[in-house]
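Both counts, for ligands and for their atoms, begin at 1 and track the order of listing.
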Amino acid sequence: MYQFHNEVREISFDNYKTPTPWMNYLSNGTFHTMMSQAGGGVAFYKSPQIWRINHYRFFHLPTDRSGFYTYIKDGEDIWCPTNEPCRNKPEQWKSTHGMGYTRFEAEKKGVAVTANYFVGKLENALIWNLKLTSKEDKTVTIFPYVELGMMEFMRELQWQCYNKHQLSAYALGDDILVYKYGVETQPKPDETPLVYFACNAPVASYDCDRDEFVGSYRSEENPVRVEEGACSGSTLYGGDPCFALQLNVELKAGEEKEINIFLGTAMTEEEILKCVAHCRENDFVEKSFAIVKEEWDTFLSKFQCEIPDKDAETMINIWNPYQAEKNFKFSRNISYYATGTFRGVGVRDTAQDILSMVPFDLRRAKDKLNLLFTQQYQDGHCNHYCFPTEGWEPVTRIHSDNHLWLVMTCYHIVMEEGKLDYLDEVVEFYDGGQATVWEHIKKSIDFCLANLGEHGFPLMLSSDWNDMLYKVCRKGKGESIWTSMQFGTVLPMIAELAKLKGEDGQKYLDIYETQKKLVNEVAWDGDWFRRCITDEGRFIGSKEEPQAKIWLNAQSWSVISKMGDPEKQERAMDCVKEYLDTDLGIKKIHPSMKDYPSKEDPLTYYNKGCGENGSVFCHANTWAIIAECMLKHPERAYKYYHQLLPMVAQAKAGEWRYKAEPYVYASNIFGPESDKFGLANVSWLTGTAAWMYIAVTQYMFGIRAHYDGLEIDPCLAPEMLPAKVTREFRGCRYEITITKNEKVFIPYEEGRTELKVEI
Ligand code: GLC
């Protein structure tokens, strides 16, 4: 079904019928496309909710429609290089996802087509570069086609019957199609672009009216205009729009013909003319593609490894950082699973995503974190999600963890940079006024301190990291033991920053000690740590309880925070192994809940083994790996890491059970209490990407940035040894060879550009 080609950082597919669409993201930061192995997907300008260009139908059957298709009409034969959506299939076919591009290679009746799709830096456009060859002289007609949507997705769902008569699609000159979304009360009308469709070959005709092109009671599988061999020249002033071009192409035996198609955005018709002229320049496509390649090469070269475990190597060098960058860019907004309509930028999710960007690009990391600081209030708490592109009101629920993630991410930025400058950047508060980054993070701590519960742990508020814990705290009294551990993780960080700044750090360490005492005395259940306390004072995650007796995060974070007494940490992590581990990852809780804490008011509506109710929650597995490294258990850390490598888990579960991509992490895998144990769900956009990367690079390899230099504290199992790692750090390339688990510290030296380290 698939094959990795690591030398060129690609994965190829020899069958278009994967169990679910296996996606890639093509993007230049402004214009984005999510595209599947079969050519389905969605393009959008900046926001997938308000400036969505084409239709992508969630839950639709057949799945993965529509997309970016090119119909080839070769006599009576009609087929697509993407394989989909034609019923008639190519004789030979392969598709490939690479770093920022997706390519299709197909052949039928002596006509071979390569279609390479990417979004370049030089224009805001999805480019599809077609190369056609034929074994004999022939004329074929080709029809590039995109079904357009209404841009504002929710309005389309609710109001399309009226609003669609306010949009238009028409030709500008003879051969550029334009789509104008002119709907009343659309968000940000002045920033709404026009969409264009053009190519660099003579256009014989076109269609802008989808129903004209496709025909009645037909679909993308067999558009009537393609069958008839010619477009109708339709424009559309009201109705359902599309872009379709008709290109009559003469192929000479053995000669390659190259045609480029551009689906782009610009603000005015004049600008469109300029953009298209630019796109049509001779070397434009080649140059644009070279930049995509070069940017990814540079990005990924910052951390590369060579290890015996080749599956791990594939993830560490290529797909894990690639996936993490997509999370950084898209938060949890749009994927095959997430519709791109309501998630915006989540503060907690994004703060964690930034962690993986820190070693790659400090400026990008700082800018994103600054955006999150704009969601902080003067009292220190944060909005839960915000919508900076759409300009909507944020979701203002107060969760107990959001503000604390800001401290952690800020700390990592300072450690990577080895300078305190970032702490002096000034950012506004959401409720007025402004302060330095340093003041912002101090407020996070203040807020937590001001919101402790009866037992002394932080109040749960609208839930902690675990969204499903919102029910235990509806009366405002529930407390989170996990948040106490998160608090305990960041307190020493802010204490260190305070000392570096010449301020009092001790006060933070004192708070740490108080919380630590509570964790050991109140939260300890005999064999593990309990998870939280309900409004009524009931401890969740305890032996005494009938269900949800043990929770993963309360064990792993007792180690990460170093709050658990040493023997308690060990015992707690042994219990994780005993009660929660499976061969397909670690379950989040055990046993799953059915009618708990009461039949009338279950804590979660998730089926057993699904989502937060006993699935293998991959994001949380990463913390168990880190904890095992901190406890110096390399074999266990490796087991937990290796079993979740997507290609490994997929092979173990079986690809038709696992379903999701074998090259990126999923948010969760249905647990053993589900009849679909092993089904991977919500892939691509998940905190797993950032944290898995941190787990392996900073804890298994143990390469961690400190203020004064680089620490290498490996915790590697024999399967990962010997390891050769290249890590770029403050302008110096460290070539590190690790043959044993021994800690070294390399003080930072200014001006050094290369260093070999052997352990
Ligand atoms: C999802 C959410 C994240 C939350 C986690 C656990 O991954 O995106 O915000 O922390 O679930 O509930």
Could you tell me whether Asp467 approaches ligand 1 through its side chain, its backbone, both or neither, with non-hydrogen atoms closer than 4.0 Å? both

Tell me, which protein residue and heavy-atom name are nearest [atom], and how many Å apart are they?
{"atom": "atom 4 (C) of ligand 1", "result": "Trp465 O, 3.2 Å"}
{"atom": "atom 3 (C) of ligand 1", "result": "Asp349 OD1, 3.2 Å"}
{"atom": "atom 12 (O) of ligand 1", "result": "Glu612 OE2, 2.4 Å"}

As an exercise, identify every atom of ligand 1 less than 4.0 angstrom from a heavy atom of Asn466. 12 (O)

For ligand 1, which atoms, with element, lie under 4.0 Å from some heavy atom of Arg348? 3 (C), 4 (C), 9 (O), 10 (O)

Could you establish whether Thr686 and ligand 1 come within less than 4.0 Å of each other, counting only heavy atoms on the residue side? no

Taking the non-hydrogen atoms of Arg343, is any one of them nearer than 4.0 angstrom to ligand 1? yes

What is the distance from atom SG of Cys386 to atom CG of Leu371, rounded to the nearest 0.5 Å? 5.0 Å

Test log, rule salt bridge (charged side-chain N to carboxylate O under 4.0 Å, His left out), inputs Arg364 and Glu325: CA-CA 11 Å; Arg364 275 177 89 183; Glu325 197 268 351; 2.8 Å; yes

Do the ring centers of Phe429 and His440 come within less than 6.0 Å of each other? yes

I'd like to know if the side chain of Asn613 pairs up with that of Tyr596 as donor and acceptor (distance under 3.5 Å, no hydrogens or angles considered). no

Using the rule ring-ring contact (aromatic ring centres under 6.0 Å, His included), only one of Trp465, Trp623, Trp691 pairs with Phe617; which is it? Trp465

Note, Tyr693 side chain near Gln698 side chain (heavy atom, < 4.5 Å): no

